[in-house]
Novice: 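Supplied in structure tokens, the structure appears directly below.
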Amino acid sequence: RGQIVTMSWHAGAPPLPDSYDNSIKSVEGGIAAVLTPGTPQNAAFMQRLDAVAAKLERLRRSEVPVLWRPFHEMNGDWFWWSKSGPAEF
């Protein structure tokens with residue numbers, strides 16, 4: 001139809017499930033723990049990214065354009081991905 005879908009994601013602080021309430025909680029070890037291979041936080045986050053990628057792939061195959069905003073409002077201090085400020089983000 002010529003429209004673009006915009007999707008925001010409230011990823012739970014790994015390893016917590018996705019929800020708004022869990023997205024405003026802190027991650028033990030911060031973003032570094034999420035990005036360090038071998039940590040429980042990284043394993044949970046990678047598994048979650050794989051699941052979201054599969055869903056986005058279904059839309060791509062159906063030729064549905066999507067503007068995906070996984071880490072929106074990154075300049076605030078309310079989400080786990082931005083609690084430690086822009087330098088760490």
Novice: Quick one: ring-ring contact (aromatic ring centres under 6.0 Å, His included) pairs with a partner in residues 27-59, sequence neighbours left out?
Specialist: F45-W80
Novice: List the atom of I31, the atom of F89, and the distance in Å for their closest heavy-atom pair.
Specialist: CD1-CA, 4.0 Å
Novice: First locate atom CG of D50, then atom CD of E57, and finally report the distance between them rounded to the nearest 0.5 Å.
Specialist: 12.5 Å
Novice: So, for W68 and L56, which heavy atoms are closest and what is the spacing to 0.1 Å?
Specialist: CD2-CD1, 3.7 Å
Novice: Report yes or no: do V52 and W81 belong to one cluster of Ile/Leu/Val/Met/Phe/Trp/Tyr joined by side chain heavy-atom distances under 4.5 Å?
Specialist: yes
Novice: Does Q3 have any side-chain hydrogen bond (donor to acceptor under 3.5 Å, both in side chains) partners at least two apart in sequence or in another chain, and if so, which?
Specialist: none
Novice: Counting C-beta onward and ignoring hydrogens, is there a side-chain heavy-atom pair between S82 and F71 closer than 4.5 Å?
Specialist: no
Novice: Which residues pass the side chain to side chain contact (heavy atoms under 4.5 Å, CB included) test with E28, not counting sequence neighbours?
Specialist: Q41
Novice: In chain order, what residues pass the side chain to side chain contact (heavy atoms under 4.5 Å, CB included) check against R58, with sequence neighbours excluded?
Specialist: R61
Novice: So with a 6.0 Å cut-off around CD of Q47, is the heavy-atom count from everything else above 12?
Specialist: no
Novice: Of the non-hydrogen atoms in P17 and N22, which two are nearest, and what is the gap between them?
Specialist: O-ND2, 2.9 Å
Novice: Hey, can you pull the donor-acceptor pairs under 3.5 Å for the side chains in residues 4-12, sequence neighbours left out?
Specialist:
unit_1 : atom_1 : unit_2 : atom_2 : d
S8     : OG     : R69    : NH1    : 3.0
W9     : NE1    : D18    : OD2    : 3.0
H10    : NE2    : H72    : NE2    : 3.4

Novice: Shared ILVMFWY cluster between M74 and L67, side chains joined below 4.5 angstrom?
Specialist: no
Novice: Can you name the closest pair of heavy atoms from T36 and N42 and give their distance?
Specialist: O-CB, 3.1 Å
Novice: Residues two or more places apart in sequence or in another chain: which of them pass salt bridge (Lys or Arg N to Asp or Glu O under 4.0 Å) with E63?
Specialist: none
